[in-house]
Amino acid sequence: MRGNERAWIRGAQRGSVPDLEQLFRAHWARAYRAAYLIVQDAAAAEDVAQESFIAAVRALGRFDRRRPFGPWLHRIVANRAIDWARARTARAEVELGEPPASLDERTDSGDAVPIAAALLELSPEHRAVIVLRYLLDYTPGEIADLLELPRGTVNSRLRRGLDQLGSQLGE
Amino acid sequence: MNESAVRKTLTSVVVPGELEARGRGWTVVREVFEDLEPTPSPSSRRWPIAVAAVAVVLVAAAVTPPGRAVLGSVRDAIGRDRVVGVKGAQPSLFSLPAPGRLLAVSTRGPWVVDPNGSKRLLGAYREASWSPYGKFVVATKADELDTLEPGGRLHWSIAKPGITGARWGGTRTDTRIAYLSGGALHVIGGDGRDDRILVPRAAPVAPSWKSGDDHVLVYATPNGRVRIVDTDSGHVNGGWQGSPKQLAYSPDGKLILARSPKALDVYNAIGFHLARITGGRFVDAAWAPAADTLAYVTFDRATNRSTVWTVNREGTGRAQQLFGGAGRISGVTWSPDGRWVLASWDSADEWVFIRRGDGATKVVAARASITDQLNGHPGGTFPAVAGWSP
């Protein structure tokens, strides 16, 4: 995959649409899922994922092919998703009673609904570190780098996020 | 909480519309990509040479089809504009189109950007704003307020918990800085002396100074009032009921704008209400340096479109559309000479400079990849322009 990815990036940097499409297909699903789990709104997740890809494509000329594409893209996704979720919280002061559009769309799959619903109760910043750690498998050090946070802050948000999820689920 | 349960859930929860979103996403990303020029191969790459000339694009009024074509908007499957940006945008901050220095706060801290595009990072501050005549910058961290020269040299510093909303006002020889700390509104001399609490409880909205030697300040209270106060005597000169998100005195000190999410209000110097502008969600507003015009930004969620408008100073005339683009424009700033309006186009990662030309024509100059240049990498919070000083 890594060798393929470098070739796709090189091709895309030279203007190859098929190579860009390979890159897009390799990374879209995780980017969209990560955005969705942070913003908890399907339409907003689509906006965030699309805008993140657009930002990545526009900066592709400066991208160092020796680095993996995923973390670079996920940094953009996570930060944009946090910004959107924070702005939504601010908007809630005026647009009262507007429920998150996505909750009704979830299907029941065992523990998935309770944990996903519990995730909604975390702050966007806590959701983001949980998603980066347990969906995208970044280490706390890598998360600190992606979100430009101290390592201690990441560890503490992970701990608190898990504790909060646990207490909401009665564990 | 069991980590493996969390991991299993996050990877298995049903994400609505994933496949359809992928299809739409690819359509948009592909269109953007095909609009770009490919990167030259390393052997032929040339580093850009800093130029003094400004890349300009002549556009008609932004809402007409030719204007849209120049802006390069892409429509998605449900008719909403996706973001692309201004075609022909300079790929870097080679220059500003007008004299004066920009102050922009990135995730790394505030930058002072000179007209020739050179820039200087002041330090790891969260917020910053100019002194009244641009000689200094007041910058704050979580628990510290510093005053600095634009070159970065520190003048004085004060430590207080939870500092935010620092604003510098006064004359060339006698200035004050107002700031919020721990819920209280403080005032301190521009020389760092005589720090005191002006108001024990204030709303988390940056106050605004009236220009001149009155040392009059407008601020918001946490219980839904706005007050205009003489900070030397403590006398309350006026006010009104309201919970604005932004307050700004006009440069001539005669009017005050108060922005809420759903309205822009203009008051006179003692708080008498003069006008209300409604329609859309109001994101930011700014007075022209000559105080004859207001510029403001609205966002329409249904169309995912932001618009920059101008209106006469009292807010009573017909608003004119200055610029429009897909996605979010977070701020609007006037150049010191009052000829240009800078729109901070977060979603396109661009600064767009607009100057009204003859009749309906406008000149638009854009600078791209702002987050990469100021944050040090693409993505992350879009840098906020904190002022454009002479």
Side-chain angles (χ1 to χ4, degrees), chain A residues 12-15 17 20-21 24-25 28-29 32-33 36-37 42 45-47 49-62 72-73 75-80 83 90-91 93-94 102 105-107 109 111-113 115-116 119 130-131 134-135 137 148 162-166 169 171, chain B residues 1-18 20-22 24-26 28-30 32-34 36-41 76 80 82-85 91 107-108 243 245 260-262 281 301 304 327-328 346-349 368-369 371-372 375 377-382:
Chain A
Q13 286 175 330
R14 290 176 179 162
V17 171
L20 178 72
E21 185 170 8
F24 178 87
R25 290 190 183 285
W28 167 265
Y32 179 58
R33 176 173 288 267
Y36 176 76
L37 289 168
E46 185 173 340
D47 284 352
Q50 271 189 26
E51 288 179 16
S52 300
F53 265 99
I54 289 170
V57 160
R58 295 176 83 190
L60 202 58
R62 288 186 299 280
W72 193 58
L73 176 67
R75 179 200 294 262
I76 303 173
V77 169
N79 282 296
R80 282 184 184 247
D83 284 348
R91 282 198 296 278
E93 296 173 13
V94 183
S102 56
E105 297 170 44
R106 293 200 190 103
T107 58
S109 53
D111 290 332
V113 173
I115 289 182
L119 204 57
I130 294 281
V131 167
Y134 298 112
L135 173 71
D137 289 323
E148 293 185 335
L162 286 176
D163 288 346
Q164 218 172 317
L165 286 176
L169 295 168
E171 292 187 4
Chain B
M1 180 76 234
N2 187 306
E3 288 185 324
S4 66
V6 173
R7 188 173 272 115
K8 186 181 168 192
T9 299
L10 296 187
T11 51
S12 65
V13 76
V14 173
V15 179
E18 194 167 346
E20 295 86 349
R22 185 177 72 178
R24 288 190 292 267
W26 171 239
V28 173
V29 169
R30 177 183 180 151
V32 171
F33 179 74
E34 287 175 335
L36 296 171
E37 290 182 12
T39 305
S41 61
D76 68 10
R80 294 188 316 159
R82 304 311 309 171
V83 181
V84 175
T107 55
R108 296 167 68 186
S243 300
K245 300 295 180 196
S260 305
K262 291 191 171 176
R281 182 178 174 80
R301 215 169 159 196
N304 188 39
R328 289 180 296 283
D346 302 31
S347 297
D349 195 13
S369 305
T371 53
D372 195 9
N375 290 351
H377 52 78
T381 304
F382 190 76

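In the text below, chain A, chain B and the rest are named by the order of the sequence lines, each starting its count at 1.
Only the side chain of A:A59 comes within contact range of chain B, with heavy atoms under 4.5 Å apart. The parts of A:A29 that come within reach of chain B are both its backbone and its side chain, each placing non-hydrogen atoms under 4.5 angstrom from that chain. In this structure, the portions of A:L20 lying under 4.5 Å from any heavy atom of chain B include both its backbone and its side chain.
Distance CZ/A:R58 to CG/B:D372: 12.0 Å, rounded to 0.5 Å. Taken from CG in A:L135 to NZ in B:K8, the straight-line distance is 15.5 Å, to the nearest 0.5 Å. Here OG of B:S347 is found 11.5 Å from CD of A:Q50. Values are rounded to the nearest 0.5 Å. A:E51 CD to B:N304 CG: the interatomic distance, rounded to the nearest 0.5 Å, is 6.5 Å. Between A:I130 atom CD1 and B:T9 atom OG1 the span is 11.5 Å, to the nearest 0.5 Å.
Between chain B and the residues A:D137, A:I76, A:L119, A:V77, the most heavy-atom pairs under 4.5 angstrom are made by A:I76.
Side-chain atoms of B:V29 and A:E21, non-hydrogen and from C-beta on, never get closer than 4.5 Å to each other. Taking 4.5 Å as the limit, every side-chain heavy atom of A:N79 sits out of range of all side-chain heavy atoms of B:F382.
Judged by distance alone, with hydrogens and angles left aside, the side-chain atoms of A:R33 form a donor-acceptor pair with the main-chain N or O of B:L10 at under 3.5 Å.
Remark: A:F53 engages A:F24, A:W28 in a ring pair (Phe, Tyr, Trp, His ring centres under 6.0 Å) (not counting sequence neighbours).
Across every non-hydrogen atom of B:E3 and A:Y134, the tightest pair is OE2-OH, 2.6 Å. The shortest non-hydrogen separation linking B:V15 to A:Y32 is CG1-CE2, 3.5 Å. Scanning all heavy atoms of the two residues, the minimum distance from A:E148 to B:N375 falls at OE2-O, 4.1 Å.
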